[in-house]
Amino acid sequence: MTGVRDRNESAWLLPAGPGLNHRLREDMRAFNDGDEVDAVIVGCGAGGATMLQRLARAGWSAVALDAGPFWDPETDWVSDEAGSHHLYWTEPRVIGGDDPVPLGSNNSGRGVGGSMVHYAGYTPRFHPSDFRMHSQDGVGADWPIDYTDLKPYYADIEGELPVSGEDWPWGDPHSYPQRPHPVSGNGDMFLRGALACGITAKVGPVAISNGRFGNRPHCIYRGFCLQGCKVNAKASPLITHVPDALARGGEVRADSMVTGIEVDERTGRATGVRYNRRGREHFQRARMVIVAGYSIETPRLLLNSASHRFPDGLCNDFDQVGRYLMVQGAPQTAGRFDAEVRMFKAPPPEVSTEQFYETDPAKPYKRGFSVQTVSPLPITWAEHVAAQGHWGDGLRQYMSDYVHWSCLGALCDFLPQPHNRVILSEEKDRFGLPIAHFNYSQCDNDKALMRAAQSVMEDILHGAGADEVITIDRYAHLVGGARMASGEQDGVVDANCRSFAVPNLYITDGSVLPTQGSANPALTIMAVAARAADRLIQGSAHD
Amino acid sequence: MSGGTRGRLPLNEANGGGRFPGFDVVGQSKHWDDVTTSVVLARLGMPPDIRFFSAAEEATASALCDQLLGQRQEPRVPVVNMIDARLAENQTDGWHYEGMAPDRQAWRDSLAGLNQDARQSGHVFAQTPWPGQSAILQAVLDLGSHQWHGMNASRVWSLWTRYACTAFYSHPWAWEEIGFAGPAYPRGYKNPGVDKLEPFEVADAKPDQDPLRRGES
């Protein structure tokens with residue numbers, strides 16, 4: 001077994017302390033549009049950056065285009081909630097369905113590092129049952145791969161981020177490369193409440209370095225993980241995979257919005273991507289196109305890349321593009337204590353339980369949920385309080401009580417459904433392209449999970465001594481929309497992330513996931529991308 | 001600038017005022033990084049000029065935001081200027097509901113709706129006495145997801161409160177009111193944990209001011 005540094009030197013390429021290695025960017029290889037690169041990657045987040053790093057290490061000429069900026073955490077990010085609005089994808093989108101899902105700050109990042117720049121940092125593995133949900137529980141779908149196919153990639157990525165946490169008893173039991181972090185007031189309340197209720201809760205798993213890792217410093221527990229980690233303690237591809245990719249000859253081309261994928265009508269093969277940079281149209285030629293724009297923009301790009309051969313959108317012969325998009329039901333329940341919790345004084349991700357993750361035959365619903373600490377900062381907390389119907393004097397009064405509240409969040413395993421999908425809107429963006437219209441409606445099983453999760457969180461908080469609990473219903477994460485399947489009539493890509501319709505077109509982001517479990521998706525997205533890269537490099541997936 | 005008394009927002013004790021006596025957020029700004037400091041301290045300077053709202057809309061929005069945030073007197077957090085700046089720059093949250101206009105138009109439409117409601121009592125919304133304004137707003141909230149002037153009332157309410165709360169609770173004066181110390185880089189926290197304070201934090205002087213418990217009394 002090789003050490004982390006032997007396969008990914010990113011943490012040792014960063015400067016000691018916060019900041020980026022500017023030399024790496026200055027010396028970065030720059031391909032020409034006319035060069036036929038081995039691979040052009042669309043999007044430089046969890047899926048795209050992992051792919052770029054793997055391919056660059058294997059000696060491929062590869063460039064990742066990202067619509068957003070190449071962040072410098074020192075100058076571009078702030079330790080402030082409202083001042084972090086630019087971290088989110090705020091180009092226009094329309095939301096509909098019976099239960100519309102807000103996007104933007106909720107689940108959509110932009111720039112190099114993608115949504116992992118603003119994710120909390122939880123990196124649980126999926127459970128083995130998530131890969132055979134339909135066979136086992138009669139709902140959702142089965143993956144064309146199994147947990148064991150991903151297992152070595154989970155371990156690799158956990159080492160590269162790295163992940164800290166207690167020995168993990170759920171799913172496939174495993175341990176983590178780093179010891180668990182100390183817990184703050186919010187984590188302490190969760191642990192106290194869980195103990196009182198007989199629920200097992202564990203510290204972790206979080207991709208926040210507990211101790212120095214390479215040149216990356218220890219976490220300073222400032223609580224602004226969702227605003228981008230200025231410390232370089234919390235993992236995002238910007239610091240975990242991009243540095244190594246650049247050092248190995250990969251290129252990251254920021255501020256480049258990909259607007260279409262070109263396919264040669266005669267050969268049926270992709271030839272490259274059209275993109276807009278600083279107002280000018282470009283075309284990057286490539287031997288292979290790898291899309292990693294996440295669950296909204298990946299389907300949108302395919303649908304916007306219609307052609308004579310693909311009149312309803314690229315890879316959409318069987319009306320699968322954009323479908324089976326999932327969010328997790330993420331109710332947040334807060335409890336009030338006479339003691340001061342000051343939940344803002346620590347990373348929001350601290351403690352979780354997966355005790356309710358699997359289907360319980362005694363319950364009227366299938367699948368389950370996880371419960372984790374979340375620690376909203378004042379603006380997000382004000383939304384929580386306002387959602388209870390408090391306003392004016394009542395809102396100010398409730399808000400003045402902020403330091404006394406502890407807050408938990410659940411992730412409910414909402415099922416994949418065909419009508420939950422991205423389609424194109426009549427509205428256009430500034431490039432003249434139709435924007436995404438995302439419809440979402442919960443099924444009865446989804447609703448039952450929300451109520452069950454709320455009830456468990458209320459029990460935990462009461463168990464810890466809370467005298468009042470309040471809950472806000474919300475959603476978290478995105479996966480699906482271009483899912484992996486055994487056959488072309490049931491999905492968009494195969495088990496190796498290669499599209500069924502175009503032999504040199506791959507999708508390696510969260511949109512390929514057929515189910516989501518009750519786990520935060522970042523680690524699984526990276527593991528799926530790392531596996532797809534391995535297959536590509538080994539040539540086993542070559543046509 | 002020392003926080004102390006200057007700029008402290010008026011909030012009477014019954015509504016949660018005076019819980020963190022002497023707590024001074026801005027007084028800690030020497031411990032913040034430069035980029036964050038410039039972003040946060042700009043909120044204490046002259047508010048941006050109104051560019052998006054018409055004069056009539058500004059009046060309505062001011063009355064609305066005063067109500068939503070219980071700001072009855074000066075000094076106020078200049079919430080309307082902050083919302084106006086976002087709308088002028090079209091700094092949205094990155095989505096809008098199907099069947100509802102994008103944020104800029106939805107703000108104009110909903111402000112017009114408030115004036116229509118107020119006209120039934122012979123005023124525009126901004127000139128309606130405080131209790132009358134409160135009643136109009138409570139009626140919108142009580143509609144839930146029913147229609148209000150052709151819009152889903154709860155989505156209008158969410159639009160208003162999202163923009164208003166984002167502006168208000170981005171301001172250091174509001175942080176002082178709730179015991180939040182604001183930026184924490186590069187210092188971080190050394191004493192997380194239940195009932196643990198940093199040297200610069202101030203304990204709640206009225207820890208039994210539980211909103212629920214007082215609701216019972």
Side-chain angles (χ1 to χ4, degrees), chain A residues 18 74-75 77-83 85 88-96 100 102-105 108 182 184-185 188-189 220-224 230-231 336 338-342 344-346 378-379 382-383 386 389 391-404 437 467-468, chain B residues 11 14-17 19 32-33 35-36 39-40 67-70 91-99 102 134 137 141 161-162 165-170 174-175 177-180 182-198 201 203-204 207-213:
Chain A
E74 285 272 85
T75 55
W77 298 347
V78 291
S79 202
D80 180 71
E81 221 180 346
H85 194 269
Y88 314 124
W89 187 282
T90 54
E91 292 287 310
R93 290 162 167 176
V94 181
I95 59 172
L103 300 168
S105 64
S108 303
S184 74
D188 191 11
M189 286 304 187
I220 62 167
Y221 305 105
R222 79 193 164 112
F224 285 87
K230 287 176 78 76
V231 181
R336 202 275 177 187
D338 282 344
E340 294 192 11
V341 180
R342 295 188 176 254
F344 50 87
K345 285 172 59 176
I379 290 170
E383 275 187 42
W391 60 283
D393 294 341
L395 175 71
R396 295 277 289 280
Q397 182 190 326
Y398 245 101
M399 288 299 295
S400 74
D401 210 40
Y402 179 47
V403 298
H404 294 281
H437 180 131
D467 53 13
E468 182 193 4
Chain B
L11 181 67
N15 295 332
R19 295 184 72 164
W32 307 345
D33 67 283
V35 185
T36 302
V39 166
V40 172
Q67 284 280 342
L68 291 176
L69 295 162
Q91 195 201 84
T92 71
D93 289 327
W95 50 274
H96 70 84
Y97 289 105
E98 178 183 12
S134 303
L137 293 178
L141 179 61
T161 52
R162 255 187 295 129
C165 287
T166 298
F168 187 79
Y169 287 105
S170 73
W175 297 340
E177 189 174 293
I178 67 174
F180 175 66
Y185 180 78
R187 175 167 57 184
Y189 290 114
K190 295 218 164 34
N191 291 310
V194 175
D195 277 334
K196 288 185 179 167
L197 294 176
E198 313 296 314
E201 289 185 303
D204 181 8
D208 56 352
Q209 286 229 345
D210 182 343
L212 178 76
R213 217 175 287 161

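We name chains A, B, ... by the order of the sequence lines, and we start the count at 1 in each one. Treat the numbers as computed from the prediction; the structure is a model and nothing was measured.
- Of all the heavy atoms in B:R162 and B:D93, the pair that sits closest is NH1-OD2, 2.7 Å.
- Using a 4.5 Å cut-off between heavy atoms, B:D33 contacts chain A through its side chain alone, with no backbone atom that close.
- If you tally non-hydrogen atom pairs under 4.5 Å between each of A:G83, A:P92, A:P102 and chain B, the highest count goes to A:P102.
- When the side-chain contact (heavy atoms from CB on, under 4.5 Å) test is applied to A:I220, the partners found at least two apart in sequence or on another chain are A:R222, A:V231, B:Y185.
- In this structure, chain A has a heavy atom under 4.5 Å from the side chain of B:L141, while its backbone stays farther away.
- Only the side chain of A:D188 comes within contact range of chain B, with at least one heavy atom under 4.5 Å from a heavy atom of that chain.
- Looking at B:A167, neither its backbone nor its side chain comes within 4.5 Å of chain A, counting heavy atoms on both sides.
- A:V94 touches chain B through backbone and side chain together, each having a heavy atom under 4.5 Å away.
- Contacts of B:W175 with chain A are made by side-chain atoms alone, with heavy-atom separations under 4.5 Å and no backbone atom involved.
- Less than 6.0 angstrom separates the ring centroid of A:Y402 from the ring centroid of A:F344.
- When each of A:T75, A:T90, A:V341 is scored by its heavy-atom pairs under 4.5 Å with chain B, the top score falls to A:T90.
- Put simply, of B:L197, B:V39, B:D204, B:N191, the one with the most heavy-atom pairs under 4.5 Å next to chain A is B:D204.
- Heavy-atom minimum distance, A:Y221 versus B:Y189: O-CD1, 3.1 Å.
- What you find for A:I379 and B:C165 is that their closest heavy atoms are CG1-O, 4.1 Å.
- Of the atoms belonging to A:F224, it is side-chain heavy atoms, and not backbone ones, that fall under 4.5 Å from chain B.
- Of the atoms belonging to B:Q91, heavy atoms from both backbone and side chain fall under 4.5 Å from chain A.
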B:E198 and A:K345: CA distance, side-chain angles, deciding distance, salt bridge (charged side-chain N to carboxylate O under 4.0 Å, His left out) verdict
CA-CA 10 Å; B:E198 313 296 314; A:K345 285 172 59 176; 3.0 Å; yes
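- When the candidates A:S79, A:S184, A:A382 are compared by the number of heavy-atom contacts under 4.5 Å with chain B, A:S79 comes out ahead.
- Within the 4.5 angstrom heavy-atom criterion, atoms from both the backbone and the side chain of A:R396 approach chain B.
- Under 4.0 Å is where a charged nitrogen must lie from a carboxylate oxygen, and between A:R342 and B:E201 at least one such pair does.
- A:E340 is not listed as a side-chain neighbour of B:P207, based on a closest heavy-atom distance of 4.5 Å or more.
- A donor-acceptor pair is defined here as one N or O able to donate and one able to accept, closer than 3.5 Å; no such pair exists between the side chain of A:H437 and the backbone of A:R93.
- Heavy-atom pairs under 4.5 Å with chain A were tallied for B:A184, B:P192, B:P186, B:G188; the largest tally goes to B:A184.
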